[in-house]
Amino acid sequence: MSLSSFISFTASLFLAASVAAMGLSPMTATLKVSNGQLYDYIVIGEHPKATEGFDNAYDIISPGNLNADMGEPYISVVAPHPEWKPAREMRNDIRSPAAKMMWEVSIRSSLPVGIPLWIELDPDQSRMPRGTRLTIEDQKRHIVLDGHKCSIPAPGPGKTEKLLLIVEQQ
């Protein structure tokens with residue numbers, strides 16, 4: 001084993017032990033935003049080997065939206081990161097574990113302003129440790145996602161709705 005491999009391995013063990021000592025667990029939350037059969041999703045999460053920056057092993061760049069490109073109705077959900085290069089919009093945004101972590105999420109849609117967009121946690125695609133709370137906030141709302149759908153109005157064509165997703169591990 002080379003010295004750099006040994007240092008990397010030791011750092012990984014230290015980080016994993018530190019996260020475990022804090023009582024924090026890796027987690028993923030898959031959020032689906034929909035209206036009828038039209039939907040998009042985003043995955044946020046925490047992993048001991050992830051960082052706050054772009055991690056090729058954990059973060060996934062949004063491929064764009066084929067429906068939007070073809071002029072069809074669409075919903076688009078991304079985590080914007082204008083500071084990351086070349087990635088700017090993420091489909092998956094995984095970070096290092098923390099007791100409280102926040103993600104900014106942008107929602108765009110071709111649907112008329114005010115049409116309900118339903119936001120829900122996909123339990124089959126999510127791994128949330130017991131006692132974890134997921135909250136959605138914007139200037140008007142503070143919603144705890146506890147297994148139920150919540151609704152926000154579509155921002156309208158050409159507009160973006162920005163939400164803050166907050167994960168708190170107890």
Side-chain angles (χ1 to χ4, degrees), residues 25-47 50 52-84 86-98 100-169:
S25 301
M27 57 77 56
T28 57
T30 300
L31 292 168
K32 180 178 173 183
V33 179
S34 64
N35 180 282
Q37 297 298 314
L38 198 59
Y39 73 92
D40 199 10
Y41 69 93
I42 188 167
V43 177
I44 60 169
E46 299 176 339
H47 190 278
E52 303 308 304
F54 179 73
D55 298 305
N56 202 32
Y58 302 104
D59 300 320
I60 297 176
I61 300 169
S62 174
N65 192 295
L66 185 58
N67 282 5
D69 293 343
M70 296 185 331
E72 298 290 326
Y74 72 92
I75 296 171
S76 174
V77 185
V78 297
H81 284 286
E83 72 281 9
W84 290 1
R88 300 271 185 212
E89 294 184 332
M90 305 309 294
R91 166 77 59 223
N92 289 25
D93 188 358
I94 309 300
R95 303 182 184 169
S96 59
K100 183 176 183 178
M101 184 65 70
M102 294 182 259
W103 286 262
E104 180 182 313
V105 174
S106 295
I107 300 173
R108 293 184 296 274
S109 169
S110 62
L111 299 175
V113 67
I115 296 290
L117 296 177
W118 295 96
I119 302 174
E120 63 184 309
L121 181 67
D122 182 340
D124 296 330
Q125 300 296 319
S126 302
R127 287 174 185 77
M128 305 280 287
R130 174 176 247 119
T132 300
R133 188 167 92 171
L134 177 60
T135 307
I136 299 172
E137 286 186 0
D138 67 6
Q139 295 175 347
K140 303 170 202 151
R141 293 172 284 271
H142 178 92
I143 303 163
V144 176
L145 272 183
D146 57 0
H148 299 82
K149 289 183 181 181
C150 70
S151 173
I152 64 166
K159 303 230 166 118
T160 301
E161 176 75 21
K162 293 190 178 198
L163 300 175
L164 192 59
L165 302 178
I166 304 165
V167 171
E168 296 175 272
Q169 290 198 42

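Values reported hereafter were calculated over all heavy atoms of this structure, with side chains retained and with hydrogens, waters and symmetry mates removed.
Under 3.5 Å, the side chains of D93 and H81 contain a donor-acceptor pair of N or O atoms.
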Can you give the donor-acceptor pairs under 3.5 Å from side chains of residues 150-165 to other protein atoms, not counting sequence neighbours?
{"unit_1": "E161", "atom_1": "OE2", "unit_2": "R141", "atom_2": "NH2", "d": "3.3"}

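Closest of all the heavy-atom pairs between Y58 and N92 is O-CB, 3.9 Å. Closest heavy-atom contact between I42 and V78: CD1-C, 3.5 Å. Heavy-atom minimum distance, Y39 versus S34: CB-CB, 3.6 Å. Closest approach of E52 and S96 over heavy atoms only: OE2-OG, 2.8 Å. The shortest heavy-atom contact between P129 and Q169 is CG-OE1, 4.1 Å. The shortest heavy-atom contact between E72 and S110 is O-OG, 4.2 Å.
Legend: side chain to side chain donor-acceptor pair (under 3.5 Å) pairs involving residues 112-134, not counting sequence neighbours, sorted by first then second residue: R133-E168.
Environment of CZ in F54: crowded, with over 12 heavy atoms of neighbouring residues, nucleotides or ligands closer than 6.0 Å.
In this structure the side chain of V77 never reaches within 4.5 angstrom of the side chain of L31, judged on heavy atoms.
Test V105, D40, L38, I107 against V33 for side-chain contact (heavy atoms from CB on, under 4.5 Å) and you get one pass: I107.
N67 places a side-chain N or O within 3.5 Å of a backbone atom of P73 that can act as its donor or acceptor partner.
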